[in-house]
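All values below were derived from every heavy atom in this structure, side-chain atoms included, with hydrogens, water molecules and symmetry-related copies excluded.
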Amino acid sequence: MPTRAERQAQTREALVGTARSLFLHDGYAATSLDRVAVEAGFSKGAVYSNFKSKEELGLAVLDEIHREMVAEVVEALSIATAYEDALHALEGWLKVRLGQPRWTALEVEFAAVVRTSPFVATELATRHRQIRAAIASLLVELQQRTGMRLALPADQVALVLLSLGIGLGAQRSLDPGLDVHAFTATIRSLLLPPDAA
């Protein structure tokens, strides 16, 4: 029989999964906590025993999406041992995943909450710092593995890549056919090939 802590973790996981489906399908603003509770098969009290607010639930959903995206990039790059292999793996991921309409639209819609919620602004800024740190760490690891050089310090390259990714992702959520070539060309200007021997 599951412990109380295990049951609570299962409830939280079910609520995040349900909220994610509803937020992606109907939008953040259009989805109430009541609806999340009903669709997940719980009372509204169960939602509030796990999340203090809709914003906190929204952050949990974004955290799950961000973890998946970072894990996918890490996996795509994990087998690259040469510079060109790493760039092709990254470009392939960008073409398939960057700006997928639903999760990018959710990210943009949720970011609009920042205007009225200092809590959300602070939390999103913290998460973006964590994502930049993860990107910088991955870049340093790729340097060591492939001999790739960086045009700027790793933390600055991470900032540029995340900023370009957010911007292009938002545009591709509106126009999914938009080519990522400009982004990949920029990546090549920041991630340089190894010095010739």
To the closest 0.5 Å, what do you measure between [atom1] ([X]) and [atom2] ([Y])?
X	Y	atom1	atom2	answer
H128	I135	NE2	CD1	9.5 Å
T3	E6	OG1	CD	3.5 Å
L33	L22	CG	CG	11.0 Å
T186	H181	OG1	NE2	9.0 Å
M148	L191	CE	CG	5.0 Å
L62	L124	CG	CG	7.0 Å

Compare all side-chain heavy atoms of [X] with those of [Y] and state whether any distance is below 4.5 angstrom.
X	Y	answer
E13	Q8	no
R20	H25	no
V140	Q143	yes
E109	F23	no
L150	L190	no
R67	D63	yes
L94	F183	yes
L59	F110	yes

For this session: Check the pair L142, R145 against side-chain contact (heavy atoms from CB on, under 4.5 Å), reporting the backbone distance first and the verdict last.
Result: CA-CA 5 Å; L142 273 174; R145 188 156 28 102; 3.7 Å; yes
Looking at [X] and [Y], would you say the former's side chain and the latter's main chain have a donor-acceptor pair under 3.5 Å?
X	Y	value
E55	S117	no
S137	A134	no
R172	L178	yes
T116	V113	yes

Testing the basics here: between [X] and [Y], what is the closest heavy-atom pair and its distance to 0.1 Å?
X	Y	answer
N50	E56	O-OE2, 3.8 Å
Y83	T146	N-CB, 3.8 Å
F51	A60	CE2-CB, 3.7 Å
A170	V108	CB-CG2, 4.0 Å
A19	V61	CB-CG2, 3.9 Å
A86	L77	O-CD2, 3.2 Å

Exercise. Just checking, K54 and Y28: is the charged tip under 6.0 Å from the six-membered ring centre and within 45° of the axis?
Worked result: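 The answer is yes, since K54 meets both limits relative to Y28.
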Problem set entry | E84 CD: over 12 foreign heavy atoms closer than 6.0 Å | yes
Exercise. Does the side-chain contact (heavy atoms from CB on, under 4.5 Å) test come out yes or no for T11 and F42, once each step is laid out?
Worked result: CA-CA 8 Å; T11 300; F42 298 105; 3.8 Å; yes
Problem set entry | side chain to side chain contact (heavy atoms under 4.5 Å, CB included) partners of L159, counting only residues at least two apart |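 Counting only residues at least two positions away or on another chain, L159 forms a side chain to side chain contact (heavy atoms under 4.5 Å, CB included) with R132, S163.
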Problem set entry | Joint hydrophobic cluster, V157 plus L192, side-chain heavy atoms closer than 4.5 Å |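 Looking at the clustering, L192 is in a separate group from V157.
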For this session: Tell me, please, which residues at least two apart from E123 pass salt bridge (Lys or Arg N to Asp or Glu O under 4.0 Å).
Result: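 By the salt bridge (Lys or Arg N to Asp or Glu O under 4.0 Å) rule, E123 matches R127.
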Got a list of side-chain donor-acceptor pairs under 3.5 Å for residues 34-41, not counting sequence neighbours?
{"unit_1": "D34", "atom_1": "OD1", "unit_2": "K44", "atom_2": "NZ", "d": "3.4"}
{"unit_1": "R35", "atom_1": "NH1", "unit_2": "D26", "atom_2": "OD2", "d": "2.5"}
{"unit_1": "R35", "atom_1": "NH2", "unit_2": "D26", "atom_2": "OD2", "d": "3.2"}

